[in-house]
Amino acid sequence: MAEQNCLVTNDWICGEYLRTRSQELTDATFQHIGITLASVAIGLAVSLPLALLARRWRFLAGPILGVTTVLYSVPSLAMFSLLLPFFGLSASLVVTGLVLYSLTVLVRNILAGLQAVPEEARDAAKGMGYGPMRLLWEVELPLALPALLAGVRITTVSTVALTTVGAIVDYGGLGTLILDGLDTTFKAQVLTASALCVLLAVVADLLLLALQRWLTPWTRAHRIRTSRDARKATVAKVAEPA
């Protein structure tokens, strides 16, 4: 009886809310995931050419990084307002704003990863007859993957959070439920939608971390060797006579 009355008493934790609003929660969750995936994917597609331009022509690095930083500093409400004449009240408005926010992290991480590729690896590939495109796709990008995927992880988690701001134009996924719950003081809806949002961020980060470890097995081997060398050095230092 207590569980059936939790909607009436407006409890924070309410099983009846989960049962009666399951479809609403599912639709909001899938909208949240869809907006996040589209934003990160488009952001990555835009960031890679920008990072390549900044790496190829260094005089462009400052302006590109500067512009992406300025875009990231624009408040979300102002960003959506500036984009509103072009996209109207639509999911495209939210996705475009999130793409612009993602550029500062993605461009910097991709550029840092490409710049960290050892020159010896490039020279060896060129000596084997690799052209510019083959060098990029088969040597440079694989070696830059750790930094690139780290940027994707940061961007994905932040995008999950920023997607909720799309509630101001009714395309915020779980954020729409949070905003509606706050407006009506619907405690169970606010808590449930907020918890799902946090859960999405955690699950996305863990999945991307697993993907990063699977795609970059050499980084694990390097960490293991480094750890072993550190332990050996410590043991040797302790064993030294006073």
Side-chain angles (χ1 to χ4, degrees), residues 27-57 60-114 136-137 141 144-179 196-198 200-205 207-209 211-212 215:
D27 292 343
T29 300
F30 276 109
Q31 184 187 71
H32 205 111
I33 293 173
I35 291 175
T36 299
L37 289 177
S39 302
V40 174
I42 297 172
L44 189 58
V46 174
S47 297
L48 181 58
L50 290 177
L52 291 175
L53 286 173
R55 196 274 305 265
R56 177 67 178 83
W57 291 287
L60 291 177
I64 289 174
L65 295 177
V67 169
T68 57
T69 301
V70 169
L71 289 173
Y72 191 79
S73 67
V74 176
S76 54
L77 184 59
M79 177 71 78
F80 290 156
S81 298
L82 291 172
L83 295 173
L84 186 60
F86 302 99
F87 298 98
L89 296 175
S90 64
S92 299
L93 169 67
V94 180
V95 170
T96 303
L98 295 176
V99 167
L100 295 177
Y101 283 132
S102 72
L103 296 181
T104 183
V105 174
L106 289 174
V107 172
R108 288 178 184 274
N109 276 63
I110 295 173
L111 182 59
L114 291 172
L136 173 65
W137 290 106
L141 281 180
L145 267 181
L148 188 154
L149 291 175
V152 171
R153 285 177 60 197
I154 296 171
T155 300
T156 301
V157 172
S158 63
T159 301
V160 169
L162 286 171
T163 297
T164 58
V165 182
I168 61 177
V169 294
D170 204 27
Y171 287 95
L174 293 167
T176 302
L177 295 183
I178 295 173
L179 183 60
L196 284 174
C197 190
V198 173
L200 279 182
V202 172
V203 170
D205 189 53
L207 289 176
L208 287 171
L209 177 60
L211 178 65
Q212 180 178 343
L215 292 176

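Each residue takes its place number in the sequence, starting with 1. The model shown is predicted, which means the values in this text are computed figures rather than measured ones.
Among the candidates Thr68, Leu44, Thr155, the single residue satisfying the side chain to side chain contact (heavy atoms under 4.5 Å, CB included) test with Leu103 is Thr68.
Pairing each heavy atom of Gly113 with each of Ala147, the nearest pair is CA-CB, 3.7 Å. The minimum heavy-atom distance between Gln31 and Gly172, with the atom names listed, is OE1-N, 3.8 Å. What you find for Val157 and Ala201 is that their closest heavy atoms are CG2-O, 4.0 Å. Of all heavy-atom pairs between Asn109 and Gly151, the closest is ND2-N, 3.3 Å.
How far CG of Leu100 is from CE of Met79: 5.0 Å, rounded to the nearest 0.5 Å. Atom CD1 of Ile154 is separated from atom CG of Leu149 by 11.5 Å, given to the nearest 0.5 angstrom.
A search for side chain to side chain contact (heavy atoms under 4.5 Å, CB included) contacts involving Leu65 returns Val107, Arg108, Leu111, not counting sequence neighbours. Residues satisfying the side chain to side chain contact (heavy atoms under 4.5 Å, CB included) test with Val198, not counting sequence neighbours, are Val202. Listed by chain and residue number, Leu208, Trp214, Leu215 satisfy the side chain to side chain contact (heavy atoms under 4.5 Å, CB included) test with Leu211 (two or more places apart in sequence, or in another chain). For Val67, the side chain to side chain contact (heavy atoms under 4.5 Å, CB included) test picks out Leu71, with sequence neighbours left out. Partners of Asp170 under the side chain to side chain donor-acceptor pair (under 3.5 Å) rule, at least two apart in sequence or in another chain, do not exist in this structure. Scanning for salt bridge (Lys or Arg N to Asp or Glu O under 4.0 Å) contacts around Asp27 gives an empty result, with sequence neighbours left out.
Listed by first then second residue, pairs satisfying salt bridge (Lys or Arg N to Asp or Glu O under 4.0 Å) with a partner in residues 145-169 read Arg153-Asp205, not counting sequence neighbours. Note on residues 79-105: no pairs pass side chain to side chain donor-acceptor pair (under 3.5 Å), not counting sequence neighbours.
Between Leu148 and Leu106 there is no side-chain heavy-atom pair separated by less than 4.5 Å.
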Return all side-chain donor-acceptor pairs below 3.5 angstrom for residues 46-56, not counting sequence neighbours, or 'none' if the list is empty.
| unit_1 | atom_1 | unit_2 | atom_2 | d |
| --- | --- | --- | --- | --- |
| Ser47 | OG | Gly43 | O | 2.7 |
| Arg55 | NH1 | Glu140 | OE2 | 3.1 |
| Arg55 | NH2 | Glu140 | OE1 | 3.4 |

Let me have the donor-acceptor pairs involving side chains of residues 160-169, under 3.5 Å, with sequence neighbours excluded, atom names and distances please.
| unit_1 | atom_1 | unit_2 | atom_2 | d |
| --- | --- | --- | --- | --- |
| Thr163 | OG1 | Thr36 | OG1 | 3.4 |
| Thr163 | OG1 | Thr159 | O | 2.6 |
| Thr164 | OG1 | Ala161 | O | 2.5 |

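Heavy atoms of other residues, nucleotides or ligands lying less than 6.0 angstrom from OH of Tyr72 number 12 at most.
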